[in-house]
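As a basis for the values below, the full set of heavy atoms in this structure was taken, side chains included, without hydrogen atoms, waters or symmetry mates. Numbered from 1 within each chain, the chains take letters A, B, ... in sequence-line order.
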Amino acid sequence: MTMRTNHYSRRTLLKGGAASIAAAALPAPMIWAQDIKDVVLRQAGTGVSAFNEVAAKVKEDLGFTLEMTALDSDAVTQKVATQPDSYDIADIEYWICKKVWPTGNLQAMDISKIKNYDKIVGIFKDGKLTPESVIAQGTAPHTVGFVEGPGSTVFSTQDSGWMTLIPTIYNADTLGIRPDLIGRPIESWTELLNPEFKGKASILDISSIGIMDAAMVCEAMGEITYGDKGNMTKEEIDKTMAIFTEAKKAGQFRAFWKSFDESVNLMSSGEVVIQSMWSPAITAVRSKGIPCVYQPLKEGYRSWGGGIGLSTGLTGVALDAAYEYINWYLSGWVGGFLMRQGYYSAVPETSKEFMTADEWGFWFEGAAATGDIMNPQGVKMESAGAVRDGGSFVDRMGSVACWNAVMDENQYMVRKWNEFIAA
Amino acid sequence: MNRFLSSRNLGGWLLVAPLVAVLAVFLVLPIVMIVIVSFWQTTEFSIVPAFDLANYEFLFGSSVTYDVFLNTFRYAAITWALTLGIGFTVSWFLAFHVRSPTTQIALALLCTVPFWTSNIIRMISWVPFLGRNGLANQGLLSMGVIEQPLEWLLFSDFSVILAFVHLNTVFMIIPILNSMMRIDRSLIEAARDAGASPFQIMTNVVIPLCKPGIMIGSIFVLTLVMGDFITVRFMSGSQSANVGRLISNDVGLLQYPSASATSVVLLLTVLLVVAMMLRLVDIRKEL
């Protein structure tokens with residue numbers, strides 16, 4: 001508490017306003033509204049949801065300042081785990097949460113303060129999208145979504161009232177293809193290693209995600225049956241990498257990609273016709289007028305989810321501001337913004353109010369567009385009649401085969417992955 | 001003390017002090033840090049100071065390390081041979097065939113023009129050129145030289161070496177040209193008068209007198225290629241590895257001690273190579 005207060009006063013003093021100085025010196029309820037405007041929340045995250053538009057809208061709607069830092073997932077993991085004073089809000093994926101929660105640097109959130117808690121989709125509460133859903137392998141968000149109470153470092157198996165992360169953004173990933181260059185239906189993950197696409201396939205060179213895509217392929221081929229693709233044994237890792245090393249040596253892959261734009265270039269230049277891909281990359285290829293499909297596959301999707309967590313250092317007015325931020329996040333505007341990027345909102349109902357009926361139909365319900373579909377920056381993406389790849393929310397999020405995860409054998413896996421790249 | 005102050009050494013010490021200070025802070029100190037960190041331990045989130053040989057044990061115990069070092073040497077050797085060949089012939093042309101000094105200077109400057117843009121841009125611009133549907137393949141297809149696009153033009157060892165040669169040849173040209181320009185023309189005339197063939201003049205007169213230039217160019221090229229990681233990553237489409245990529249992967253995964261250990265081994269290897277080359281030619285004597 002003391003550290004936080006000092007920090008807050010110093011910053012306020014630097015800003016120099018007489019009212020602010022008074023507010024810091026005499027924190028009385030009556031100057032509350034003035035006070036919250038001077039709060040600066042520092043958000044560190046993976047960049048997936050770090051849009052400047054969001055920070056600008058926070059300033060407009062809530063009055064306080066949100067500073068966003070985007071880092072790659074390894075760097076965020078380390079920051080959250082080792083430098084709790086360097087951020088107020090951690091915008092991380094659920095598998096990162098599994099890694100960092102035991103360090104005690106994040107505080108559990110009281111769901112009674114979350115207005116739209118009841119409307120959050122089931123995936124983040126009991127793991128089930130619909131009552132019949134089967135929970136996928138890997139680090140499913142609900143398994144690390146709750147702890148037993150404030151201060152606890154033990155994940156709770158059920159809704160305990162204390163949440164680790166407030167879900168913000170999630171999606172289902174699959175392979176991207178160039179339908180014009182393939183010319184036949186693609187239905188299974190096995191196609192990535194089909195010799196037909198020799199020298200025209202690619203996989204991403206980010207070990208923790210690449211291994212999952214590899215596992216989806218190996219399992220679809222019937223070569224390996226995994227106990228849990230999200231937590232492989234050393235033997236399973238060896239077998240998976242052996243199959244991919246063999247394919248690499250046979251010249252199956254044109255290249256590996258590490259950054260978003262590399263994947264876009266590989267696909268749009270026609271160097272690659274089938275590869276691991278992320279949703280916005282597909283949009284980027286299509287916006288160049290090149291056909292590209294985010295192909296739904298019968299084995300299902302590899303899914304990921306992110307959320308925001310609060311640093312234990314957050315107290316007092318800053319903590320209240322953080323709760324306001326969370327409630328605002330779930331109240332719809334951000335959800336609508338993210339849905340137009342092709343992601344999903346944790347509270348779809350509220351987002352609906354911030355989207356046109358056509359947008360809602362296209363992005364969420366999987367219906368054919370009745371007019372032009374624009375991206376959040378106002379550039380035309382799709383014309384009337386277009387249908388989203390994979391269909392509706394329930395179709396896509398209902399066929400998740402595996403969640404992004406962190407394995408117990410993570411270090412071993414990374415070594416094996418490096419061998420695969422060097423092979 | 002007085003003797004020291006009055007000695008002529010003082011001026012020398014003062015002159016060299018800024019350089020010593022800069023090198024000590026920005027070169028020696030970081031290297032010492034790297035060596036120290038290479039013995040530390042890592043856990044999932046933290047780096048623990050320790051004296052532990054585990055990083056080196058893992059490095060020398062993995063077959064990947066040997067493959068990757070071998071690959072690094074292979075890239076360095078091939079690039080060295082090609083840049084030397086091109087650098088030597090270009091310098092020869094500039095030094096002995098171009099008569100007017102103005103043209104000579106103009107042409108030498110022309111060699112450095114590519115350096116006006118960024119290294120990375122020069123490298124990346126090969127990618128669309130060599131691609132499956134790139135200019136090179138389209139040209140060859142339309143000329144009827146080939147019937148199928150050549151796949152090995154891009155994302156292969158060929159493209160890696162091509163980029164290395166393209167980026168580094170100028171480091172060979174300039175020092176060799178410099179050596180050649182200093183050769184007393186009367187020596188060549190004397191050789192010719194004594195009945196030497198052009199080939200003999202090259203091997204017996206020009207090459208020995210160019211040795212320092214060749215050596216300086218070689219040191220540039222070898223150290224640049226052995227320390228590179230970005231060229232290999234982009235031009236091989238991440239499919240090949242050299243030591244630099246090994247280090248950058250470790251850094252990306254926050255495995256600083258392991259990256260440091262690899263760096264120390266790479267540094268020693270490069271120093272060894274340079275030391276061997278300096279044994280062949282005494283640059284100070286020759287300059």
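- Not one N or O on the side chain of A:R254 forms a donor-acceptor pair closer than 3.5 Å with the backbone of B:G237.
- Heavy-atom contacts from other residues, nucleotides or ligands closer than 6.0 Å to NZ of A:K248 number more than 12.
- Within residues 53-86 of chain B, the residues approaching chain A closer than 4.5 Å by heavy atoms are, in numerical order, B:F58, B:V64, B:V68.
- With a 4.5 Å cut-off on non-hydrogen atoms, B:L154 touches chain A through its backbone and its side chain both.
- Note: A:N265 CG to B:I124 CD1 = 8.5 Å, rounded to the nearest 0.5 Å.
- The existence of a salt bridge linking A:E262 and B:R233 is confirmed by a sub-4.0 Å separation between a basic side-chain nitrogen and an acidic carboxylate oxygen.
- Sorted by first and then second residue, the ring-ring contact (aromatic ring centres under 6.0 Å, His included) pairs with a member in residues 148-172 of chain B read B:F115-B:F171, B:W126-B:H166, B:W152-B:F158, B:F171-B:F220; sequence neighbours excluded.
- Neither the backbone nor the side chain of A:V80 comes within contact range of chain B, judged by heavy atoms closer than 4.5 Å.
- Taken from CD in B:Q255 to CZ in A:R415, the straight-line distance is 8.0 Å, to the nearest 0.5 Å.
- Taking all atoms of both residues into account, the shortest heavy-atom contact from B:R245 to A:I421 is NH1-CG2, 3.6 Å.
- For NZ of A:K288, the number of neighbouring non-hydrogen atoms (other residues, nucleotides, ligands) closer than 6.0 Å is greater than 12.
- Every residue two or more places apart in sequence or in another chain that forms a side-chain hydrogen bond (donor to acceptor under 3.5 Å, both in side chains) with B:Q41 is listed here: B:D52.
- Residues from residues 130-140 of chain B that place a non-hydrogen atom less than 4.5 Å from a non-hydrogen atom of chain A comprise B:G131, B:R132, B:N133, given in numerical order.
- Heavy atoms from other residues, nucleotides or ligands lying under 6.0 Å from CZ of A:R184 number more than 12.
- Of the inter-residue distances, the one linking B:Q239 atom CD with A:F256 atom CZ reads 4.5 Å to the nearest 0.5 angstrom.
- Chosen from B:A241, B:S238, B:P149, the residue pairing most often with chain A at heavy-atom distances under 4.5 Å is B:S238.
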